[in-house]
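First comes the structure, then the notes that go with it.
Quick caveat: nothing in here was measured; it's all calculated off a predicted structure. Note that ligands are numbered from 1 as they come in the structure, with each ligand's atoms numbered from 1 the same way.
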Amino acid sequence: MPDAIAYISRDTDGQLWKKALEAALGPIDFRTLDNLGDKADIEVALAWKPPAGLIASFPNIRLIVSLGMGVDHLLAEDELPAGVPIVRIMDDGLVGQMSEYAIYWALRHHRDIDKYAASQRTKQWKPEEFVDTLHRRVGILGLGTIGQDTAAKFAALGFPTAGWSRTQKTLPGIETFHGPDGFKRLLARSDILIDVLPLTRDTRGLLDAAAFAALPKGAYFINMARGGHVVDEALLAALDSGHLSGATLDVFNQEPLPPEHRYWTHPKVHVTPHVAGATNPRTASPGVIENIKRRRTGQTLIHTVDPKSGY
Ligand code: GLV
């Protein structure tokens, strides 16, 4: 019986995953990209940005696990083996980091911290105009696990908080919008817009010139989802015209962000290198272990991915 677990990622050496899995499953035949051995032995692939066609070349593969909560890195390559279930990690640690990231940058904007830093450099004692929390409306694109956690935390801080999702959702204390019409309405009331949508056929290029124009003047944009949602020229134009007051970008159409890209040096843009939420084997492994056990015993899987909807 094939029972090897292949760790398909260039981000880390996978040793923390091996340890976490072995603590629950006992000794495992753990393979890495540089040491795949006989591909016929591989039963499970743990994957982050796998080389195109690689997983389809494992003849006995029975389970594909996305090491990211986003699965576009997997689905983008259309050569996945047909009929093999795909599940993704569901990582409380990652979810907490994501909302923490959004709150940090939103508060930094809300409390004018960058303006005070500039004033300090020129020794100016210059209080900025204060905006009441009750008047700073936060809008969140995407109300999955990450969006809901982020929304609940902003609401707890007292910000009027709304969220948008593809299908209708009802959440306590959060105003919700859905569908194309709801998208425009969400934008029109978002002084701080936070993107946590998955990247799918429907969301690629969603944030174009019309979307940025629909935001209130002076709005701030935080992207901790996928760069593919953003039409970069439209965002730069909205920043340059003064319609947007600034943006924090963790994700980009091209990663690493090329050195010549304007985002690096734009005075209104903060850039971070796709670090808003990092997969942590300690918090992500229990769900993966559960799915490996379920697959081996023929039970229904959890955190499954629907390749048709793209998440
Ligand atoms: C990170 O980008 C993830 O999808 O988990």
Side-chain angles (χ1 to χ4, degrees), residues 7-14 16-17 20-21 44-52 55 63-77 80 85-105 140-150 165-166 194-204 206-207 221-230 232 247-257 263 270-291 301-307 309-311:
Y7 179 81
I8 314 287
S9 167
R10 289 264 173 230
D11 279 11
T12 72
D13 65 8
L16 288 177
W17 273 100
L21 297 181
V44 178
L46 307 183
W48 174 247
K49 298 185 181 166
I55 296 176
L63 179 65
I64 301 170
V65 181
S66 166
L67 286 173
M69 284 189 68
V71 293
D72 48 297
H73 67 101
L74 260 180
L75 302 182
E77 67 133 323
L80 287 174
I86 304 173
V87 295
R88 61 181 172 142
I89 55 153
M90 200 43 83
D91 181 349
D92 288 350
L94 186 152
V95 173
Q97 284 180 50
M98 298 285 286
S99 42
E100 204 174 87
Y101 182 95
I103 289 165
Y104 171 81
W105 290 104
I140 297 171
L141 295 174
L143 288 174
T145 313
I146 298 167
Q148 289 188 26
D149 185 66
T150 305
S165 48
R166 189 171 64 94
I194 300 167
D195 181 9
V196 288
L197 286 167
L199 182 62
T200 67
R201 239 178 287 111
D202 296 335
T203 64
R204 184 173 290 282
L206 187 68
L207 296 171
F221 174 52
I222 299 173
N223 191 359
M224 53 175 189
R226 287 294 183 262
H229 296 149
V230 176
D232 290 324
T248 291
L249 308 174
D250 186 50
V251 287
F252 303 90
N253 272 295
Q254 190 184 339
E255 295 181 10
L257 184 64
Y263 286 148
H270 288 288
V271 167
T272 56
H274 201 140
V275 291
T279 299
N280 177 349
R282 180 178 61 80
T283 40
S285 59
V288 174
I289 291 159
E290 179 65 24
N291 267 329
L301 300 172
I302 54 174
H303 314 320
T304 49
V305 172
D306 171 12
S309 68
Y311 61 94

For this session: Taking H73 for its side chain and K49 for its backbone only, find out whether a donor-acceptor pair lies under 3.5 Å.
Result: yes
Exercise. Under 4.0 Å from ligand 1, counting heavy atoms only, is it the side chain of V251, its backbone, both or neither?
Worked result: neither
Exercise. Strictly by modelled atom types, are Y101 and T248 linked by a side-chain donor-acceptor pair under 3.5 Å?
Worked result: no
Exercise. Can you check whether G70 has an N/O within less than 3.5 Å of an N/O in ligand 1?
Worked result: yes
Exercise. Is N291 reaching over with its side chain to a backbone N or O of I302, donor-acceptor style, under 3.5 angstrom?
Worked result: yes
Exercise. Does M69, backbone or side chain, put an N or O under 3.5 Å from an N or O of ligand 1?
Worked result: yes
Exercise. Under 4.0 Å between a Lys/Arg side-chain N and an Asp/Glu carboxylate O for D202 and R166?
Worked result: no
Exercise. Under 4.0 Å from any heavy atom of L94, which atoms of ligand 1 are there?
Worked result: 5 (O)
Problem set entry | ligand 1 atoms in contact with R226 (distance to a heavy atom under 4.0 Å) | 1 (C), 2 (O), 3 (C), 4 (O)
For this session: Classify the contact between H274 and ligand 1 as side chain, backbone, both or neither, using a heavy-atom distance cut-off of under 4.0 Å.
Result: side chain
Exercise. Of T279, V196, L94, which is the lone residue that meets side-chain contact (heavy atoms from CB on, under 4.5 Å) with M69?
Worked result: L94
